[in-house]
*Asks:* 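Structure provided below as structure tokens; questions to follow.
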Amino acid sequence: MNNEIILKLPDGTELSFAAGITGAEIAASIGAGLARAALAVVVNGKKLDISAPIFEGGDFRILTFDDDEGKHIFWHSTSHIMAEAVLRLFPGTKVAIGPAIEQGFYYDFDRAEPFTAGDLEAIETEMARIVKEDAVFQRCELPRDEALSRFEAAGEIYKVELAGEIPLGETVSLYTSGTFTDLCRGPHVPSASIIKAFKLLSVAGAYWRGSEKNKMLQRIYGISFPKKSQLDDFLEKLEQAKARDHRKLGKELDLFSINDDIGPGLVLWHPNGAIIREIIETYWRRRHREEGYLPVYTPLVGRSKLWETSGHLGFYNDNMFPSMSFEEGEQYFVRPMNCPFHIAIYKNKLRSYRDLPIRYCELGADYRYERSGVLHGLLRVRGFTMDDAHIFCRPDQMIDEVVGVYEFSLNILRSFGFKDFGIYLSTRPEHFVGDEDRWANATEALVAALQKVGLPFKTDVGGGAFYGPKIDIKVRDALGREWQTTTVQFDFNEPERFGLNYIGENGEKTQPYMVHRALLGSLERFFACLVEHYAGNFPMWLAPLQAKVIPVSEKFQAYAEIVHKRLLKAGLRSEIDNRPETMGYRIREAETAKVPYMLIVGEREEASGSASLRSHSDGDLGSMPIEKIIDRLNSESQPPA
RNA sequence: GCCGAUGUAGCUCAAGGGUAGAGCAGCGGUCUUGUAAACCGCAGGUUGUGGGUUCGAUUCCCACCGUCGGCUCCA
């Protein structure tokens, strides 16, 4: 073996070292700061502990907390420390898995008694002790069998199960820090003392291996940082995020409510929310018309036979509200989806290949019986309105249609101010309908569309619907949780079940391809995302109330009335506040209601035909002529192209 | 559905085995105001629902319902 290795740093510089040098030594040779921050290294794409000797030259990176990978290592190591603390305080607890997640880490435990808030504090205290002891993370490699018997001896049944799945004869790695040993690929931080600041955030139930058939374990979530100030920032941001929660803002801005007497997951849109919804719907309809969609309106209920044909009674029954029946015994179901109705319109007459593609769109209300534990404000409800469309096309039109829908979707989401999307391709699940060739074709079309647009996407293997593959776009809520809005789904099921066809060029009946798609997802969910995205500070085109006219005193009410009427006439959503309250009070109320503009009028303004403009975002803008204010507000109120 | 937490006035919250209190909002009045809260007064609650323990429950226990954080599932 060559005893010199050459390592290439990310900036391109190449350094030569004696083989067997460790990441820690290299970091130290580069700088003391880096040496302190170094968590692990990456050699030719392989992550290694900082203490591991390196024998191989090539690409080399040092991971710190500034890298996502570094954060993960840091958090994962913290989860080990938490597990050790739990085992020290609660002997007999079994450990399951403890990975890093997007924001922090968790560890799953099996223990008869629930962990209380007080237990979490005790665990934190114990963790602090472990950090102070500065336990070193030590890797050791063992034959799989040896590891397995070690966990068996310790009674760690979950680790035994995991180790048992590793092929016989393979080597596994274990990490020991302090008194805790875990089956783990690593790498880890060098020692516990680097974890300066941490907090345990919550306990929740979680099924072993994510299956509800398995035992429910207790999952403790936590977060950690190299510096106390970073933890404080994180907790501060968490607090701020709560202020943006659509449920809180929904109440404060009087947008919507959910009433227990009516039923969980059933939404009441108050005027302020309804105005915004109406604007969204109007914009949506215009854009769809421009994109060649045809509007349809269809009923909310349908006979049971319809749902038998569509397959919903077989595949989707658990999510449907129970049937309604007439005396004669005929059963009807409230619809959970709109597709069978759009299909019925398609089938209403014979279609030619020349007619395709046909794109039917509808803001269609649907009701789904969601399990009680999953309801979540407007983000997950039982009654909602899908911005639905079904595209019937020829096989040769498929790719263009998908590209079209995908671009349309991104464009419309961007119009509403969203920029940061999670894009997912979901492929064939275990149980599926349709032949494999069609699946391959359709998946190819989706990939082609994704590649054409060029945004990065993740593949959710096996995540497709039983009837076809799909592209999903997700946006984040205030707490960083992703919620699916756009979905573009192929359907091999329904064209078959409903016997859809068109007359092809050759005069033969041919089955069309069918795409279901929702861009905003549902108006309820999308609205929730929108509220959180803007933190309730809606842009002018969406704001339920755009301007509030506030006379300085009651002497100027008549002039305020004139100004208010001019705003209304110019098409602006204006209100006047001439209550006998102090001006400061009325301004404050308009501010907390997040009204974009206030027009304050007094003696000076009346004399000059002007108003003093105050913006919610920028405060007092000074007096200006009414025409100028109207021009400004109107130009800001234009919906996106 | 499952695990845990939780439910007090319209809202935000306090108290607590002897039938509940504040601020804001509301209502009535006074004030007539120059860029984020004028002042005084009044009214407002079978403490989520139903059981149980108790001389007495809003407080303790049980069940149910809702909500919150997760898991599973999903627009």
Side-chain angles (χ1 to χ4, degrees), chain A residues 106 108 113-117 201-221 242 245 247-248 251-252 254 257-261 263-265 316 318-319 336-338 364 366 368-388 463 465 472-474 479 481 483-487 489 516-526 528-529 550-557 578-593 598-605 612-616 619-623:
Chain A
Y106 66 77
D108 285 348
E113 299 74 35
F115 288 112
T116 64
L201 300 168
S202 63
V203 205
Y207 298 108
W208 166 236
R209 318 206 85 174
S211 166
E212 57 187 326
K213 293 192 186 86
N214 292 337
K215 184 165 187 182
M216 182 154 273
L217 309 172
Q218 296 186 67
R219 175 171 298 177
I220 302 180
Y221 286 90
K242 283 182 189 155
D245 190 307
R247 291 164 299 190
K248 188 169 154 68
K251 216 177 275 179
E252 287 170 2
D254 198 11
S257 64
I258 293 173
N259 184 319
D260 192 26
D261 291 334
Y316 209 70
D318 289 350
N319 278 297
M337 294 186 197
N338 312 308
D366 294 313
R368 296 184 185 173
Y369 184 78
E370 298 288 351
R371 298 208 276 182
S372 62
V374 306
L375 299 175
H376 188 107
L378 294 189
L379 285 164
R380 188 79 180 272
V381 293
R382 285 190 176 148
F384 57 94
T385 302
M386 220 194 291
D387 70 311
D388 207 4
D472 293 329
I473 302 179
K474 302 182 185 187
L479 289 175
R481 297 174 290 207
W483 293 90
Q484 182 182 318
T485 54
T486 300
T487 184
Q489 311 182 339
H516 306 240
R517 45 112 287 190
L519 305 187
L520 310 178
S522 74
L523 290 174
E524 287 73 10
R525 176 175 292 180
F526 184 73
C529 291
I550 300 174
V552 164
S553 82
E554 83 186 359
K555 275 189 276 180
F556 308 104
Q557 278 186 15
N578 51 24
R579 292 173 303 169
E581 298 286 352
T582 61
M583 191 187 67
Y585 179 87
R586 287 173 293 153
I587 287 174
R588 182 186 152 79
E589 211 175 71
E591 287 287 352
T592 55
M598 280 146 269
L599 280 77
I600 291 142
V601 294
E603 194 171 359
R604 295 196 292 273
E605 287 75 17
S612 168
L613 193 62
R614 179 187 167 95
S615 117
H616 174 58
D620 190 358
L621 302 173
S623 285

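Labels below follow one simple rule: chain letters A, B, ... track the order of the sequence lines, proteins then strands, and each chain is numbered from 1.
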*Asks:* With a 4.0 Å cut-off on N to O distance, would you call A:E603 and A:K555 a salt bridge?
*Replies:* no
*Asks:* Take atom P in B:rC61 and the same atom in B:rG18, then report the distance between them in whole Å.
*Replies:* 16 Å
*Asks:* Could you tell me whether the phosphate oxygens of B:rU12, OP1 or OP2, come under 4.0 Å of any side-chain nitrogen or oxygen in A:K251?
*Replies:* yes
*Asks:* Between B:rA75, B:rG70, B:rU72, which one does the side chain of A:T487 approach most closely?
*Replies:* B:rA75
*Asks:* In terms of side-chain heavy atoms of A:R481, which of B:rG70, B:rA75, B:rG34 is nearest?
*Replies:* B:rG70
*Asks:* Tell whether A:Y207 reaches the base of B:rG1 with its side chain through a donor-acceptor pair below 3.5 angstrom.
*Replies:* yes
*Asks:* Measure from the side chain of A:R604, starting at C-beta and using heavy atoms only, and say which of B:rA36, B:rG34, B:rU67 lies closest.
*Replies:* B:rG34
*Asks:* Between the base of B:rA38 and the ring of A:Y585 - centre-to-centre under 5.5 Å, planes within under 30° - is that a stack?
*Replies:* no
*Asks:* When you compare B:rU49 with B:rU59, how far apart are their P atoms, in angstrom units rounded to a whole number?
*Replies:* 10 Å
*Asks:* Look at the side chain of A:E605 and decide which nucleotide, out of B:rG34, B:rC73, B:rU32, has an atom nearest to it.
*Replies:* B:rG34
*Asks:* Once hydrogens and angles are ignored, does a donor-acceptor distance under 3.5 Å link the base of B:rA75 to the side chain of A:R517?
*Replies:* no
*Asks:* Which of the following nucleotides, B:rU33, B:rG66, B:rA36, is nearest to the side chain of A:D260?
*Replies:* B:rG66
*Asks:* Is there a Watson-Crick or G-U wobble partner for B:rA75 with both distances under 3.5 Å, and which nucleotide is it?
*Replies:* none
*Asks:* Compare the minimum distances between each of B:rU33, B:rG1, B:rG69 and the side chain of A:R371, then state the nucleotide with the smallest one.
*Replies:* B:rG1
*Asks:* Please measure how far the C1' atom in B:rG45 lies from the corresponding atom in B:rA25, and state the result in whole Å.
*Replies:* 16 Å
*Asks:* Please state whether the phosphate of B:rG70, meaning OP1 or OP2, lies under 4.0 angstrom from any side-chain nitrogen or oxygen of A:H376.
*Replies:* no
